[in-house]
**Q** 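The structure's right below; bear with me while I get my questions together.
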Amino acid sequence: MLRICRQYAPPGIRLAGQIDRAAEDALALALSEAIRTEGPVTINMAELSFIDLSCTRTIIDVARSLAPARPVVLRCNPAIVPRFVLLGAQGIPGISLVTTHER
């Protein structure tokens, strides 16, 4: 089961449950809505227990498409952090990878 919701404070989206390729279009739509606003974007995945590499790449590609001066915070459940590390999210300017036990 997957939930994708708009998040107002901090601005962005919140994902909960599990996400794979079958939900990639819904994820892309939610991400495009989230980046329409100005300022920093938070993708809150604290309640996401699984993400496949395709959806991980979609999130990274959208974050990479923004100017480095516009920060993107990837707030992750510790179980999914390795997927973002594997695809090099930590080395992309403007992206902050934060586990849920950090502030």
**Q** Taking Arg70 for the side chain and Ile35 for the main chain, is one N or O donor matched with an acceptor at less than 3.5 Å?
**A**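 Judged by distance alone, yes, a pair lies under 3.5 Å.
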**Q** Can you see which heavy atom on Leu48 is nearest to which on Leu2, and at what distance?
**A**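 Taking Leu48 first and Leu2 second, the nearest heavy atoms are CD1-CD1, 4.3 Å.
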**Q** Report the distance from atom CD1 of Ile13 to atom CG of Leu31, rounding to the nearest 0.5 Å.
**A**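 The CD1 atom of Ile13 sits 4.0 Å away from the CG atom of Leu31.
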**Q** Any donor-acceptor pair under 3.5 Å linking the side chain of Glu33 with the backbone of Arg36?
**A**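 It does not hold such a pair.
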**Q** Rounded at 0.5 Å granularity, tell me how far OG in Ser54 sits from CD1 in Ile59.
**A**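 Rounded to the nearest 0.5 Å, the OG-CD1 separation comes to 10.0 Å.
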**Q** To the nearest 0.5 angstrom, please state how far the OG1 atom of Thr56 sits from the CG atom of Leu87.
**A**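 One gets 6.0 Å once the value is rounded to the nearest 0.5 Å.
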**Q** Thr100 and Ala46: which non-hydrogen atoms are nearest, and at how many Å?
**A**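 Minimum heavy-atom separation between Thr100 and Ala46: CG2-CB, 3.0 Å.
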**Q** In the structure I gave you, are the side-chain heavy atoms of Arg75 and Arg14 within less than 4.5 Å of one another anywhere?
**A**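 The answer is no; the side chains never approach within 4.5 Å.
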**Q** Counting heavy atoms not belonging to Arg21, are there more than 12 under 6.0 Å from its CZ?
**A**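 No, the 6.0 Å shell around CZ holds no more than 12 heavy atoms from other groups.
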**Q** In Å and rounded to the nearest 0.5 Å, what is the OG to CD1 distance from Ser65 to Ile60?
**A**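 Here the interatomic distance stands at 12.5 Å.
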**Q** Looking at Val41 and Gly12, what are the two nearest heavy atoms and their distance?
**A**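 Distance-wise, the nearest heavy atoms are CG1-CA, 4.3 Å.
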**Q** Nearest 0.5 Å, what's the OG1-CZ distance between Thr99 and Phe84?
**A**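 Thr99 atom OG1 to Phe84 atom CZ measures 13.0 Å (nearest 0.5 Å).
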**Q** Can you get from Val81 to Leu53 by hopping between Ile, Leu, Val, Met, Phe, Trp and Tyr side chains that sit under 4.5 Å apart?
**A**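 Hydrophobic grouping puts Val81 with Leu53.
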**Q** Could you check if a side-chain atom of Cys76 sits within less than 4.5 angstrom of a side-chain atom of Leu97, using non-hydrogen atoms only?
**A**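 Counting from C-beta outward, Cys76 and Leu97 do come under 4.5 Å.
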**Q** Side-chain contact test, heavy atoms from C-beta onward, threshold under 4.5 Å: evaluate it for Val62 versus Val72 and give yes or no.
**A**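 Of all side-chain heavy-atom pairs linking Val72 with Val62, none is under 4.5 Å.
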**Q** Return the minimal non-hydrogen interatomic distance between Ala89 and Leu74, and the atom names on each side.
**A**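 Taking Ala89 first and Leu74 second, the nearest heavy atoms are CB-CD1, 4.4 Å.
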**Q** Any sub-3.5 Å donor-acceptor pair from Ser49's side-chain atoms to Gly17's backbone N or O?
**A**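 Side chain of Ser49 to backbone of Gly17, a donor-acceptor pair under 3.5 Å: yes, one is there.
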**Q** For Ala23 and Ile19, which heavy atoms make the closest approach, and how far apart are they?
**A**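 Nearest pair, atom of Ala23 first, then Ile19: CB-CG1, 3.8 Å.
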**Q** Return the CZ to OG1 distance between Arg6 and Thr37, rounded to the nearest 0.5 Å.
**A**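 One gets 6.5 Å once the value is rounded to the nearest 0.5 Å.
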**Q** Between Asn77, Thr58, Ile80, which is the residue that forms a side-chain contact (heavy atoms from CB on, under 4.5 Å) with Ile51?
**A**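 Exactly one pass, corresponding to Ile80.
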**Q** Would Tyr8 end up clustered with Met45 when hydrophobic side chains under 4.5 Å apart are linked, directly or stepwise?
**A**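 Cluster IDs for Tyr8 and Met45 differ.
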**Q** What is the minimum heavy-atom distance between Phe50 and Asp20, and which atoms define it?
**A**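 Looking at all heavy atoms of both residues, the shortest contact is CE2-CB, 4.3 Å.
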